[in-house]
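Below is one structure, written out as structure tokens; comments come after it.
Note that the coordinates shown come from a computational prediction; the quantities given were computed from them, not determined experimentally.
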Amino acid sequence: MIRLNCDYLEGCHPAVLRALCDTNLEQNPGYGLDPHCENAARLIRETFACPDAAVHFLVGGTQANTTIISAALRPWEGVLCAETGHINVHETGAIEASGHKVLALPGREGKITAEQVAEAVRLQGDDEHVVRPGMVYVSMSTEVGTLYSLRELGALHDTCRELGLLLFVDGARLGYALAAPGCDMTPAQLAEHCDVFTVGGTKVGALFGEAVVIRCPALATRFRYAIKQRGGMLAKGRLLGIQFEALMENGLYFDIAGRAVRQALRIRDAFIDQGIPFTCPSPTNQQFPILTDAQAEALGRDFVLERQGRVDAGHVAMRVCTSWATTDEMVERFIGAVRAL
């Protein structure tokens, strides 16, 4: 059985594992205050051209999202996001558990617009009886595999500036987004157009871990307190720094992400050749074909895909997801099965 249902099924990239083994017996300070975390932070600042940013390493995506949002918002503030946003549908109410409401907006292909944000703030007015928006959350790539363009992200950034909101880009799959052929922004341009973003490791070649990059000085102040309180701080913090060192050195992060995207687009083309539609076009490592029940059953004999939901009485949306570790053999076998439908 071949699993193509998500992008963190395997362990870590061999270069990451080698780095962990090579440094296994080193003695280092704990809690991210070691030379490896320091060097990894430097590499991330260089990669994203944000020399003044604060960089922290947390154990996972939910901890990163909750820590950022809870540290940024006042008690009466909430966070705007697309209704498909990860914080709205996949984190078991973690944001609400921190005391902040997720203010979901109807998205189009997983994205929200600057106009929607402005309208949401206008409708709230200055009414102390209603949760006030304090932040906008977007994902890059989105939960449905789509990308924000530089124009779209720039418009959101400008609107947030005008309205006094922070803009947070969840980069759990940032490598796959920036490596996608449809992406029209550089790492530096992404960093320039938000106040805080994450660089995902868990889904892009690391065993675990996310890097939080903060460009807003007010949010950066005493952020380590928030990490500790929210359970995101790892005692053996060097394990995070070592992994991100390996991923950021010589562009490995984007190389392996690009390979995963190319594998996904091979699969996409096979579905297109069979006349199989998609929920929306995706240029990234996640593809969402709409299959008949019979087609889903046929593929399910040899492959594990993720069920997204029923489209109508006879069709179901599925997710096919490649990773840095998806081999040519896996893809060729899957393409063969698609062609046999």
task = Could you give me the CA-CA distance, side-chain angles and deciding distance for Glu192 and Arg215, then say whether salt bridge (charged side-chain N to carboxylate O under 4.0 Å, His left out) is met?
result = CA-CA 9 Å; Glu192 183 183 355; Arg215 297 186 61 249; over 6 Å; no

query = Would you say the side-chain atoms of Glu26 and His36 include a donor-acceptor pair closer than 3.5 Å?
reply = yes

ask   = Is the count of non-hydrogen atoms from other residues, nucleotides or ligands lying under 6.0 Å from Tyr31 atom OH greater than 12?
value = no

Interatomic spacing from OG in Ser149 to CE in Met185 - rounded to 0.5 Å = 6.5 Å

key: Minimum heavy-atom distance between Leu105 and Val117, given as atom pair plus value   = CD1-N, 4.5 Å

request  = Step through the shown structure and confirm whether more than 12 heavy atoms of other residues, nucleotides or ligands are within 6.0 Å of CZ on Arg259.
outcome  = yes

inquiry  = In terms of relative ring orientation, are Phe168 and Tyr137 parallel, tilted or perpendicular, with 30° and 60° separating the classes?
reply    = perpendicular

key: Side-chain heavy-atom pair Leu166, Cys160 within 4.5 angstrom cut-off   = no

remark   = Which of Val196, Leu153, Thr198 passes side-chain contact (heavy atoms from CB on, under 4.5 Å) with Val169? It is Leu153

inquiry  = For Phe208 and Tyr8, I'd like to know if the aromatic rings sit close, meaning centre-to-centre distance below 6.0 Å.
reply    = no

Side chains of Gln274 and Arg339, donor plus acceptor under 3.5 Å = no

ask   = Going through the distances and angles, do Tyr253 and Phe244 end up as a ring-ring contact (aromatic ring centres under 6.0 Å, His included)?
value = CA-CA 9 Å; Tyr253 186 73; Phe244 276 93; 7.3 Å; no

query = Got a salt bridge between Glu46 and Arg42, using NZ or NE/NH1/NH2 to carboxylate O under 4.0 Å?
reply = yes

ask   = Would you say the side chains of Thr113 and Glu152 form a donor-acceptor pair under 3.5 Å?
value = no

Shortest non-hydrogen separation from Thr159 to Ala114 and the atoms involved = OG1-CB, 3.3 Å

ask   = How about Glu77 and His100: does a side-chain donor come under 3.5 Å of a side-chain acceptor?
value = no

Distance, nearest 0.5 Å, that separates CZ of Phe288 from CD of Glu109 = 12.0 Å

request  = Report, as yes or no, whether the 6.0 Å neighbourhood of atom CD on Glu329 holds more than 12 heavy atoms from other residues, nucleotides or ligands.
outcome  = no

message = Checking Gln308 against Glu306: is there a side-chain donor and acceptor pair closer than 3.5 Å?
response = yes

Atom of Ala177, atom of Cys183 and distance for their closest heavy-atom approach = O-CB, 3.3 Å

request  = In sequence, state the C-alpha distance, the side-chain angles, and the governing distance for Val212 and Val55, and then conclude on side-chain contact (heavy atoms from CB on, under 4.5 Å).
outcome  = CA-CA 6 Å; Val212 173; Val55 180; over 6 Å; no

ask   = Are Asp293 and Arg310 within salt-bridge range, i.e. N to O under 4.0 Å?
value = yes

message = Under a 3.5 Å cutoff, is there a donor and acceptor pairing between the side chains of Gln263 and Asp328?
response = yes

request  = Indicate whether any N or O donor in one side chain lies under 3.5 Å from an N or O acceptor in the other, for Ser70 and Arg230.
outcome  = yes

inquiry  = What I want to check is whether the side chains of Glu83 and Asn88 have a donor and an acceptor closer together than 3.5 Å.
reply    = no

query = Can any side-chain N or O of Gln287 pair as donor or acceptor with the backbone N or O of Ser282 at less than 3.5 Å?
reply = yes

request  = Would you mind checking if Asp126 and Arg132 are paired as a salt bridge, meaning a charged N to carboxylate O distance below 4.0 Å?
outcome  = yes

Shortest non-hydrogen separation from Gln295 to Leu291 and the atoms involved = OE1-CA, 3.5 Å

ask   = Which distance, rounded to the nearest 0.5 Å, do you find between the CG of Asp7 and the OG1 of Thr202?
value = 10.0 Å

Nearest atoms (heavy-atom pairs only) where Thr146 meets Cys280 = CG2-SG, 3.9 Å

request  = Mark yes or no for whether Asp170, through its side chain, and Val138, through its backbone, hold a donor-acceptor pair below 3.5 Å.
outcome  = no

query = Taking the six-membered ring of Tyr176, is the NZ or CZ of Lys203 close enough (under 6.0 Å from the centre) and on axis enough (within 45°)?
reply = no

Mutual orientation of the aromatic rings belonging to Phe334 and Phe271 [parallel < 30°, tilted 30-60°, perpendicular > 60°] = perpendicular

ask   = How long is the span from the CD atom in Glu245 to the CD atom in Glu38, to the nearest 0.5 Å?
value = 10.0 Å

ask   = For the residue pair Ala206 and Leu247, what are the closest heavy atoms and their distance?
value = CB-CD1, 4.0 Å

query = Where do Arg3 and Phe303 land on the side-chain contact (heavy atoms from CB on, under 4.5 Å) test, with the steps shown first?
reply = CA-CA 6 Å; Arg3 291 182 171 272; Phe303 304 92; over 6 Å; no

ask   = Between Arg268 and Asp273, is a salt bridge (charged side-chain N to carboxylate O under 4.0 Å, His left out) present by the stated rule, with each step listed?
value = CA-CA 9 Å; Arg268 180 195 66 182; Asp273 290 343; over 6 Å; no

key: Reported CD-to-CG distance for the pair Gln27 and Asp34, which is rounded to 0.5 angstrom   = 13.0 Å

task = Evaluate side-chain contact (heavy atoms from CB on, under 4.5 Å) for Ile276 paired with Ile290, printing each intermediate quantity in order.
result = CA-CA 7 Å; Ile276 293 173; Ile290 298 173; 5.6 Å; no

task = Any chance you could lay out the side-chain contact (heavy atoms from CB on, under 4.5 Å) test for Tyr148 and Thr142, step after step, and finish with the verdict?
result = CA-CA 8 Å; Tyr148 282 89; Thr142 72; 4.0 Å; yes

ask   = CD of Gln286 to CG of Leu4: how many Å apart, nearest 0.5 Å?
value = 12.5 Å

